[in-house]
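Note that the coordinates shown come from a computational prediction; the quantities given were computed from them, not determined experimentally. Below, read A as the first sequence line, B as the second, and so on, with proteins coming before strands; counting in each chain starts at 1.
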Amino acid sequence: MDYCRKQVKSDCEELLSRFQQTESVRFEVFSKIWREMNFSHIFYGTLKREKRAFSRLVLDIAYSFFLPPFSFQIRVGGLYLLYGLYQCQTASPPEQIRLALKDWDDVKKFEKDAVDAQHYDTVYIFRKLMSLKAFHFTAMPTLLAYQKKRKVERSALCEDFLERASRPQELINIELLEELSNIHGLYEKMKTSVSSISEQANSSVNLIHKDLMPRLRSTVVHFYNWQQRKDGAEEDEDSGEGTSSQQECSIRAERLASIKSKAYGQAAEASKSRRHRQVEVDFTSSEAGPSNTPGPSRITKPSLKARTNENVHISGDVWQEATTTTQINRLTSLDSVPEGTASSHTSEMFHTLIHWTLFAALSLFCMLTCNMSMKLKA
Amino acid sequence: MAAYSLSTDSTTNIPDYEYLDVNTKPFHIGSFREEWLSRLKAGNSSYRHEDDDTFDANFAKEMEVGVETMTELRSVCSVDSLRCHPEDQQPDTDVVPADSTLKTLEQRKKRQDYKASLKVTKNRHDLYADELERLTFGRKPGAEADLVPEGEVILSINVYYPATFEKFTYVRPHMTLLMTGSHTLAELRDAICCVSDLQVCGEFSNTPDMAPDFISKDHFKSAFFYFEGVFYNDMRFPECQDISITTIEWAKTRNFPSYSQAKMEDTRFVDLKVKVGFPYLYCHQGDCEHLVIITDVRLSHKDDCLDKKLYPLLTHKHRVTTQKCAVCHVFIGRWVTTNNQFAPSDPCLFCDKCFRMLHYDADGNKLGDFLAYPFVDRGAFN
Ligand SMILES: [Zn+2]
Ligand SMILES: [Zn+2]
């Protein structure tokens with residue numbers, strides 16, 4: 001039955017993509033598209049025991065759209081698709097939808113979201129399936145027989161269906177910025193009150209950018225705008241529909257490829273310009289004591305590991321904005337680990353952070369320091 | 001009983017992949033069942049049918065919606081809303097609809113046209129599978145006591161034929177059995193049919209009538225299953241030996257992780273800790289080894305075969321081609337001969353009738369010189 005997996009998946013994606021375009025979660029909108037596409041016909045022409053095998057395949061494929069990482073709307077579409085397929089299948093008694101234990105929490109969360117948003121039809125359909133005993137409560141979503149894929153054909157997730165990342169916006173909200181700004185003010189005040197001794201000591205507590213909050217905010221805004229632009233661009237190009245599906249596919253593939261290569265290109269450029277900085281970090285941190293003056297730029301070739309780390313790094317420019325030699329140096333020299341390892345360890349660590357988590361980490365650090373010094377003072 | 005301490009970390013019994021789409025990490029089957037039952041409402045795993053009116057009434061109450069909204073919901077969400085043909089026309093669901101835009105149907109049409117051009121009729125495999133399938137669904141027991149209880153675990157188990165039989169990597173002939181969580185491994189063992197259990201050892205050309213009495217299963221009763229570091233031995237009969245001890249001792253001297261033993265007849269499936277999708281071992285007749293894969297574990301469902309007595313339930317059986325008698329070419333071979341002056345080849349295969357007609361006189365006296373060994377075809381269970 002596996003021979004038609006690709007076709008079935010593509011038909012399901014077509015249905016869901018039309019549903020997505022309506023920006024609706026109403027079942028009547030879904031059922032209208034279903035009828036327009038004559039989707040019940042997908043079962044027609046399967047014979048005898050093929051019927052059951054085909055039901056199994058098509059339900060398994062539809063099930064995947066009912067789960068994260070797909071957006072809420074697509075998951076609603078996935079649920080409706082399961083309902084439609086379950087009700088219209090030609091196997092008798094019907095083949096059940098396999099619901100895996102590990103997915104249960106996601107499904108319950110989905111149901112709760114639908115209830116909270118008063119999407120009655122969505123809740124109705126889900127509970128109807130429960131009531132019809134349409135589910136098998138299983139260990140895993142599919143039967144497993146230790147079959148390693150001969151051809152590694154990683155079925156790509158339909159990118160348009162994915163839940164858009166919104167964690168940065170959610171995390172760095174107005175309340176947090178205000179709170180941070182508050183703490184930052186306190187922190188600055190405390191610093192000046194504690195360390196009016198010498199210039200050296202003063203600069204040694206200069207761990208945080210003075211304009212941390214505006215920077216943090218603008219970075220998130222920047223990210224959000226980029227995300228919007230990216231979506232916009234894709235929609236524009238998508239509107240050129242009407243070409244044969246074959247062409248469409250290859251156009252899309254090309255576009256994805258070009259986006260990816262652009263992204264990598266940027267990263268490579270950034271890492272080139274960052275290289276001298278990297279060296280500096282390594283160098284100063286190997287000097288004794290928390291000296292703030294950058295040492296003579298001794299050119300040492302970064303290790304293969306360091307270079308690999310650099311190339312793997314995603315977006316370089318933000319890194320540049322976000323850090324200075326001093327900061328890294330401070331963070332490193334807090335450890336009493338042998339200098340070389342400490343610095344390479346730290347840079348490795350930072351490389352794995354994407355830009356906004358770096359900011360978040362720094363702010364957390366700021367809060368902690370603030371907290372600590374307050375305690376010290378008390 | 002398997003001496004597994006149940007972990008307090010609940011997530012360890014929520015199955016997840018060890019290798020994506022291949023097999024899971026180990027989990028305890030009984031605890032897996034508990035995890036599901038603790039999450040579900042009583043009605044979810046029940047076999048009872050809930051009628052539409054009860055469902056609607058409950059829904060209206062819980063969601064606090066009025067009669068009007070309910071009526072609308074009911075009609076909007078009805079199965080009718082998905083109908084793709086006029087109400088008074090019943091389409092032929094066995095025919096691929098013409099000019100469909102669905103890619104699945106385009107492909108199906110092409111395949112059917114191609115197959116029709118080949119004019120092959122449905123083979124026996126398919127017919128046989130239909131029969132098996134028809135037997136298993138929704139079967140209710142005569143007596144209430146034989147009902148598979150609600151919330152019971154159903155396992156699907158593949159037992160593969162020994163690797164030497166066929167190119168194992170190419171086709172993997174196997175049988176599929178459904179078992180419930182309260183079955184023991186000994187019950188699985190008894191349900192596995194393998195020709196080596198029926199094999200008769202020895203040369204019987206002088207006493208052909210004696211042969212059927214010497215069936216291996218009755219002689220060599222020892223066997224074991226191996227799951228997750230534990231050998232489960234069949235110790236039901238006094239002549240059973242712990243044939244796993246050799247392996248265990250061998251492993252001990254070579255610093256392998258230590259293995260333990262348990263009794264097959266005392267171990268129920270709910271007691272097991274296993275990986276779904278992972279190949280384990282069944283060994284009998286000393287050296288006949290079968291891979292065993294638990295392909296599925298789930299809660300029982302109202303459409304399952306609910307008669308306990310029909311388990312272990314065979315749902316798939318690989319049909320192998322049988323080797324026919326060299327004389328009549330009709331019946332399955334029962335005897336292999338060597339050093340045989342009457343035979344066209346050496347060795348040669350005969351059905352029982354041809355063998356006796358050719359090699360013995362009317363009084364059953366052996367004619368000529370030859371050696372005869374009873375033969376059991378691997379298709380004997382077809
Ligand atoms: Zn065997
Ligand atoms: Zn014959």
> Does a side-chain heavy-atom distance below 4.5 Å link A:Trp104 with B:Leu40?
Replying inline: yes

>> side-chain contact (heavy atoms from CB on, under 4.5 Å) for A:Leu101 and B:Arg39? Distances and angles first, verdict last.
In response: CA-CA 9 Å; A:Leu101 181 55; B:Arg39 283 166 174 77; 3.7 Å; yes

>> Report which part of B:Val95 has an atom under 4.5 Å of a heavy atom belonging to chain A: side chain, backbone, both, or neither.
In response: backbone

>> With chain A as the partner, which of B:Ser45, B:Ser100, B:Ser46 has the greatest number of non-hydrogen pairs under 4.5 Å?
In response: B:Ser46

>> Which heavy atom of B:Trp36 sits nearest to which heavy atom of A:Thr138, and what is that distance?
In response: NE1-O, 3.0 Å

> How about A:Phe137 and B:Arg298: do any of their side-chain heavy atoms sit closer than 4.5 Å?
Replying inline: no

> Looking at B:Thr69, B:Ile29, B:Asp52, which has the largest count of heavy-atom pairs under 4.5 Å with chain A?
Replying inline: B:Asp52

> Quick one: does A:Tyr3's side chain get under 4.5 Å of B:Arg111's, heavy atoms only?
Replying inline: yes

>> Using a 4.5 angstrom heavy-atom cutoff, name the option from B:Asp56, B:Leu105, B:Asn23 with the most pairs to chain A.
In response: B:Leu105

> Between A:Val123, A:Asp105, A:Ile125, which has the largest tally of heavy atom pairs under 4.5 Å with chain B?
Replying inline: A:Val123

>> Before you tell me yes or no, could you show the steps for B:Leu102 and A:Phe39 under side-chain contact (heavy atoms from CB on, under 4.5 Å), namely the whole-Å CA-CA distance, both residues' side-chain angles and the distance that decides it to 0.1 Å?
In response: CA-CA 8 Å; B:Leu102 297 177; A:Phe39 216 82; 3.8 Å; yes

> Between B:Glu106 and chain A, which part of the residue has a heavy atom less than 4.5 Å away: side chain, backbone, both or neither?
Replying inline: neither

>> I'd like to check A:Trp34 versus B:Cys84 (side-chain heavy atoms, cut-off strictly below 4.5 Å). Are they in contact?
In response: yes

> Between B:Phe59 and chain A, which part of the residue has a heavy atom less than 4.5 Å away: side chain, backbone, both or neither?
Replying inline: side chain

> When heavy-atom pairs shorter than 4.5 Å are enumerated against chain B, which of A:Met140, A:Met37, A:Arg26, A:Glu28 gives the highest number?
Replying inline: A:Met140

>> So for A:Phe43, is it side chain, backbone, both, or neither that comes closer than 4.5 Å to the heavy atoms of chain B?
In response: backbone

>> Looking at every heavy atom in both B:Tyr17 and A:Pro141, which two are closest together, and how far apart are they?
In response: OH-CD, 3.8 Å

> So, A:Tyr124 versus B:Phe55, ring centres under 6.0 angstrom or not?
Replying inline: yes

> So what's closer than 4.5 Å to chain A heavy atoms on B:Val153: side chain, backbone, both or neither?
Replying inline: neither

> Side chains of B:Arg108 and A:Phe54: closer than 4.5 Å at any heavy-atom pair?
Replying inline: yes

>> Using heavy-atom distances under 4.5 Å, tell me whether A:His41 contacts chain B through its side chain, its backbone, both, or neither.
In response: both

>> Before you tell me yes or no, could you show the steps for B:Glu50 and A:Met130 under side-chain contact (heavy atoms from CB on, under 4.5 Å), namely the whole-Å CA-CA distance, both residues' side-chain angles and the distance that decides it to 0.1 Å?
In response: CA-CA 10 Å; B:Glu50 184 184 39; A:Met130 274 289 180; over 6 Å; no

> Of all the residues in residues 80-99 of chain A, which have a heavy atom that comes within less than 4.5 Å of a heavy atom in chain B?
Replying inline: A:Tyr83, A:Gly84, A:Gln87, A:Cys88, A:Thr90, A:Pro93, A:Pro94, A:Gln96, A:Arg98, A:Leu99

>> Using only non-hydrogen atoms and a strict under-4.5 angstrom cutoff, which residues of residues 59-72 of chain A touch chain B?
In response: none

